[in-house]
Amino acid sequence: MNKTLLAAGLGGLLAIGATGFVLSGKDASPQDAPIATDVPHGERFGLLSSLPIYRTPQANVADVLSQEQGEPHWLRMAVEAHNALDPVDAINAQSLSQIDMLLLIQPRALTPAEYVALDDWVRGGGRVLLVADPMLTGEPSFPLGDPRNPQAIALTGPIEARWGLELQPGISGDGAERQMTLGGQEVPVMLGGTFVKRPPAGGDSADCGLRDGGLIAVCAIGRGRAVFIADATVFEEQIGPKQGSDIFRGLMGIFGDEPAR
C-alpha cells in the first residue's frame, strides 16, 4: 500500500480525534514466533510514556534531590532487573532498530509518520505493549494544562483503528474500582475503557482477540504482536518491587495468548 496514502489516512483519523516486546522473527509467522512466557533477560526495552515511569518532572531543585534519593518506578525496576530500558523520544525506523521491545504507556499524541513507522516495525516482527487509558484517575502534580502532567486521555486511536480496534471509554461518573489479574497479582482498574473490534482502517488487516471483557486486546500483526490494555491505573500507583516484578511477568505472559476468536 502507498505509504503516503497510509500516512494521510492515519493523519485524518488523528485529526478527528479517533477514540477508537520485540523478539526478532523475520522468517517466522505469528504462530511460529517465539513467545515470552517468563521475564525477558538481556532485551532492550524502549519506553514512550507521559507518565513518570522513567523520570519524574520536577518543579524545583528540592524535588530533584528528593527524586535522586527515592525509589524508581516499579516498572523501571522490574525491566532493568534483567534488561536495558531507554526512553524513546520519537518513533522512527532508526529508534525502533535500537530496541527489542516497545512500551507505549499513555503516550503523547503521535504523528502520522510515527504511526506508519510503528505499523511497519510491528508487521516486520516487532512487539509492543500499548496502554491507552480513556481517562486517568490520578491527581496531576502540576496545574491543569501544564505539559509536565501525564496525558489525561488516550490519543492512540489512529493505530488502534489501523489494527482493527476501537477504544470505548468507561461509563461516565463510574468511579468504582474493579480488579484484573496480572502475574497472579490483583491490580486495580479505575474508569478503564473497553476495546471492540472494527474493520481495519485500510491496508493489511490484523488478527485481534479480546479478553477480560475487552479490557485487554491481543493482536497478531504480520510477524509481530501487540498487546493493548485499556487502563493505566496500575502504572500510576506506587508498588513494591516483588509485586512489580510479578506484574511485569504477567504483562509479558500476555504475549503468549492466542488472539481469541
Asker: Is it the case that atom CD in Gln94 sees more than 12 heavy atoms from other parts of the structure closer than 6.0 Å?
Answerer: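 No - once you tally the heavy atoms of other residues, nucleotides and ligands closer than 6.0 Å, there are 12 at most.
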Asker: Determine, for Glu114 against Arg108, whether the closest basic-nitrogen to carboxylate-oxygen distance falls under 4.0 angstrom.
Answerer: yes
Asker: Taking atom CG of Leu75 and atom CD1 of Ile239, what is their separation to the nearest 0.5 Å?
Answerer: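 So the CG of Leu75 and the CD1 of Ile239 are separated by 9.5 Å.
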Asker: Can you see whether Tyr115 has Arg162 sitting over its ring - NZ or CZ less than 6.0 Å from the centre and within 45° of the normal?
Answerer: no
Asker: Taking the six-membered ring where the residue is Trp, are the ring centres of Phe235 and Trp74 under 6.0 Å apart?
Answerer: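 So the answer is yes for these two rings.
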Asker: Any side-chain donor paired with an acceptor under 3.5 Å for Glu186 and Thr181?
Answerer: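 Yes, Thr181 and Glu186 have a side-chain donor paired with an acceptor closer than 3.5 Å.
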Asker: May I ask you to test the Ile254-Ile216 pair for a side-chain heavy-atom distance under 4.5 Å?
Answerer: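 In short, these two side chains touch, coming nearer than 4.5 Å.
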Asker: Without hydrogens or angle criteria, can the side chains of Asp246 and Gln185 be said to hold a donor-acceptor pair below 3.5 Å?
Answerer: yes
Asker: Could you measure the distance from the CG atom of Leu104 to the CG atom of Leu110? Nearest 0.5 Å is fine.
Answerer: 6.5 Å
Asker: Atom CG in Leu129, atom CD1 in Ile229: separation rounded to 0.5 Å?
Answerer: 5.0 Å
Asker: Nearest 0.5 angstrom please: Ile53 CD1 to Leu103 CG, how far?
Answerer: 8.0 Å
Asker: Membership question, hydrophobic clusters at under 4.5 Å side-chain separation (ILVMFWY): are Leu51 and Met77 in the same one?
Answerer: no
